[in-house]
Amino acid sequence: MSEEFNNLTVVKHPLVQHKLSFMRKADTSTGGFRRLLREISQLLAYEATRNLDMTTMRIDTPMEPMDAPVLDGKKLALISILRAGNGLLDGVLELIPAARVGFVGLYRDEETLQPVQYYFKVPDEMQNRLVIALDPMLATGNSSAAAVQLLKDAGATNIRFMCLLAAPEGVKRMQEAHPDVPIITASLDSHLNEKGYIVPGLGDAGDRMFGTK
Ligand code: URA
């Protein structure tokens with residue numbers, strides 16, 4: 001748990017921090033960035049799923065029968081917040097291939113500056129699943145808070161938010177709007193600049209992973 005925010009876990013594992021430093025470098029290639037993002041997403045997901053409910057399954061090993069531990073309950077739901085969430089989704093799906101997947105698309109209305117929904121498709125029985133919302137950059141927190149609200153409106157009660165970088169402004173916004181939603185990140189960065197970019201950050205995560213400008 002972070003010392004500053006009680007809803008925030010910063011994963012300080014050396015592998016996570018090492019990979020993140022190479023993702024931040026401005027001269028890391030699109031391919032390199034994407035590979036690192038896939039790898040780091042699996043390490044973050046390891047942390048985000050640390051206390052999943054377990055049960056046992058009766059199996060026969062070659063030696064003797066045993067009650068072996070397995071995950072309990074409905075398949076969890078991974079929700080990609082478009083478009084950059086897809087970069088985290090690929091890696092997490094490799095780790096949890098049976099997960100159900102949903103997508104939330106939001107854009108910012110330039111007049112009201114409020115997030116507006118343009119796409120929403122999530123698995124059924126959201127109330128019975130652990131839901132992990134994926135978005136690499138928790139910046140102002142406005143679209144993240146709106147996306148989490150949409151997931152709650154769809155019935156989700158057990159939500160975690162996984163991101164690569166968080167700004168204090170975004171964590172605060174999420175904490176106010178959704179104090180029940182734990183946030184898992186690789187770094188709590190310094191601040192947002194006047195354009196809403198995380199500093200020191202890594203630039204525009206979507207552009208860096210998809211090679212757009
Ligand atoms: N979104 C990004 O991709 N980068 C930031 O720094 C902030 C929001």
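Both counts, for ligands and for their atoms, begin at 1 and track the order of listing.
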When rounded to the nearest 0.5 angstrom, what is the spacing between [atom1] in [X] and [atom2] in [Y]?
X	Y	atom1	atom2	value
Met162	Ile132	CE	CD1	7.0 Å
Leu20	Lys12	CG	NZ	12.5 Å
Asp72	Asp53	CG	CG	6.0 Å
His178	Arg173	NE2	CZ	7.0 Å

* Around ligand 1, what residues show up once you keep those with a heavy atom under 4.0 Å from it? -> Met137, Ala139, Gly196, Tyr197, Ile198, Gly203, Asp204, Ala205

* Any pair counted as salt bridge (Lys or Arg N to Asp or Glu O under 4.0 Å), so long as it reaches residues 123-134, sequence neighbours left out -> Lys74-Glu125, Asp124-Arg129

* To do: Assess whether atom NZ of Lys172 is packed by more than 12 heavy atoms of other residues, nucleotides or ligands within 6.0 Å.
  =>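 Incorrect, the count does not exceed 12.
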
